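Let me give you the structure first, and then I'll get to my questions.
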Amino acid sequence: MTDSVLSMSNVGLTLAGNAGPVTILRDITLDIVRGQTVGMVGPSGSGKSSLLMLMGGLERATAGKITALGNDLTTLNEDALARFRRDHMGVVFQSFHLIPTMTALENVATPLELAGKSDAFDRAEEELRAVGLGHRMDHYPAQMSGGEQQRVALARAAAPRPDILLADEPTGNLDGPNGQAIMDLLFGLRDRHGATLVLVTHAPDLAARCDRVIHLADGRVAQDNARVSKAAE
Ligand SMILES: Nc1ncnc2c1ncn2[C@@H]1O[C@H](COP(=O)(O)OP(=O)(O)OP(=O)(O)O)[C@@H](O)[C@H]1O
């Protein structure tokens with residue numbers, strides 16, 4: 001039995017641009033297993049964020065098939081996709097997507113409440129403390145630095161203990177100690193809860209901690225070191 005969590009087969013993404021269709025991703029085939037930590041690296045514009053959006057069911061592939069925990073993301077309707085994301089996925093975007101009218105605590109607690117957790121606020125507090133924001137619980141996003149907002153976004157994604165956590169540049173705006181705290185939080189999700197992590201990153205120290213590094217170039221997988229380690233077994 002395979003322990004595949006996320007599987008992509010000949011996946012492509014072509015979007016309509018001003019000057020005609022633009023192919024952003026082509027012929028992506030990969031299989032990510034439970035508990036794996038995957039770093040996605042590559043030059044700016046190589047398609048990393050777009051691939052993450054497809055993995056999270058936030059963008060529809062225009063070719064191929066994507067299966068996540070046995071669900072075919074290419075055929076689920078919008079409601080089913082939203083439920084799947086709520087129950088199984090945490091996503092951290094580059095631009096955080098925090099709700100501006102809610103405090104840090106409310107931002108983290110809201111998805112827990114929506115998932116029916118009676119201890120949503122207690123858990124949200126714990127999660128914010130874990131990312132070093134115990135003193136910022138009642139602050140609104142506009143009252144926090146970029147790095148602090150990023151940590152709130154991570155706490156929010158991690159709090160429901162997702163099976164799969166997708167993060168775009170999770171340590172991008174953070175200096176040494178804060179970046180380290182985020183890495184510890186991410187890898188703790190894997191170590192303590194068996195989560196599968198897919199992280200887009202330019203940070204060599206973050207990529208180095210991943211079990212597997214996928215290099216994208218020009219919308220294709222240029223190198224995938226999982227294949228190397230499999231061949232070496
Ligand atoms: N909605 C869109 N319409 C047309 N082109 C797009 C769209 N979204 C992304 N692109 C293009 O797709 C390519 C890949 O973008 P993507 O953001 O996935 O790259 P990336 O590797 O994550 O880059 P970075 O490291 O700079 O964040 C880029 O050339 C981008 O301009």
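Numbering starts at 1 and runs along the sequence shown. Remember, it's a predicted structure, so these values are computed and weren't measured experimentally.
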Taking all non-hydrogen atoms of both residues into account, name the closest pair between I66 and A61 and its distance.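 Heavy atoms only, the tightest pair is CD1-CB, 4.0 Å.
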Is a side-chain donor-acceptor pair under 3.5 Å present for T37 with D211?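 Yes, side-chain donor-acceptor contact under 3.5 Å.
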Quick one: are V108 and M102 in side-chain contact, heavy atoms under 4.5 Å?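 They are not in contact (no side-chain heavy atoms under 4.5 Å apart), so the answer is no.
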I need the minimum non-hydrogen distance between L197 and L186, along with the two atoms involved.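 Looking at all heavy atoms of both residues, the closest pair is CD1-O, 3.3 Å.
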In the structure I gave you, are the side-chain heavy atoms of M40 and T201 within less than 4.5 Å of one another anywhere?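 No, too far: nothing below the 4.5 Å cut-off.
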Using a 4.5 Å cut-off on heavy atoms from C-beta on, say whether the side chain of T103 contacts that of M137.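 Result no, sub-4.5 Å side-chain heavy-atom pair not found.
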Basic-acidic side-chain contact under 4.0 Å: K117, D122: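 No, no charged N to carboxylate O under 4.0 Å.
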Does the pair K48 and E169 meet the rule for a salt bridge (Lys or Arg N to Asp or Glu O under 4.0 Å), with working shown? CA-CA 10 Å; K48 304 179 298 293; E169 295 281 3; 5.9 Å; no
What is the minimum heavy-atom distance between M89 and F84, and which atoms define it?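 In this case the closest contact between M89 and F84 is CE-CE2, 3.6 Å.
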Taking all non-hydrogen atoms of both residues, which atom of G90 and which atom of P162 are closest, and how far apart?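 That closest heavy-atom pairing would be N-CB, 3.3 Å.
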Please identify which of these residues, L25, D27, I28, T29, meets the side-chain contact (heavy atoms from CB on, under 4.5 Å) condition with V11.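 Only match with V11 under side-chain contact (heavy atoms from CB on, under 4.5 Å): I28.
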So among D31, L73, L51, I32, which one has a side-chain contact (heavy atoms from CB on, under 4.5 Å) with M8?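 Considering D31, L73, L51, I32, a side-chain contact (heavy atoms from CB on, under 4.5 Å) with M8 is found only for L51.
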For the residue pair S7 / T67, report whether a side-chain donor-acceptor contact shorter than 3.5 Å exists.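 S7 and T67 do not have a side-chain donor-acceptor pair below 3.5 Å.
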Among all residues two or more places apart in sequence or in another chain, which pass the ring pair (Phe, Tyr, Trp, His ring centres under 6.0 Å) test with H97?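 Partners of H97 under the ring pair (Phe, Tyr, Trp, His ring centres under 6.0 Å) test: F93.
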R60/E78 salt bridge by N-O under 4.0 Å criterion: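 Here E78 pairs with R60 in a salt bridge, since their nearest N and O are under 4.0 Å apart.
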Considering all heavy atoms of both residues, which atom of G57 and which atom of L81 are nearest to each other, and what is their separation?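 Minimum heavy-atom separation between G57 and L81: O-CD1, 3.5 Å.
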Starting from L6, can I reach V213 by hopping between I/L/V/M/F/W/Y residues whose side chains sit under 4.5 Å apart?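 No, it is not one cluster - the side chains of V213 and L6 are not joined through contacts under 4.5 Å.
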Suppose the criterion is side-chain hydrogen bond (donor to acceptor under 3.5 Å, both in side chains): which pairs have a residue in residues 149-162, not counting sequence neighbours?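 Pairs touching residues 149-162 that pass the test: E127-R161, R151-N178, R161-H193.
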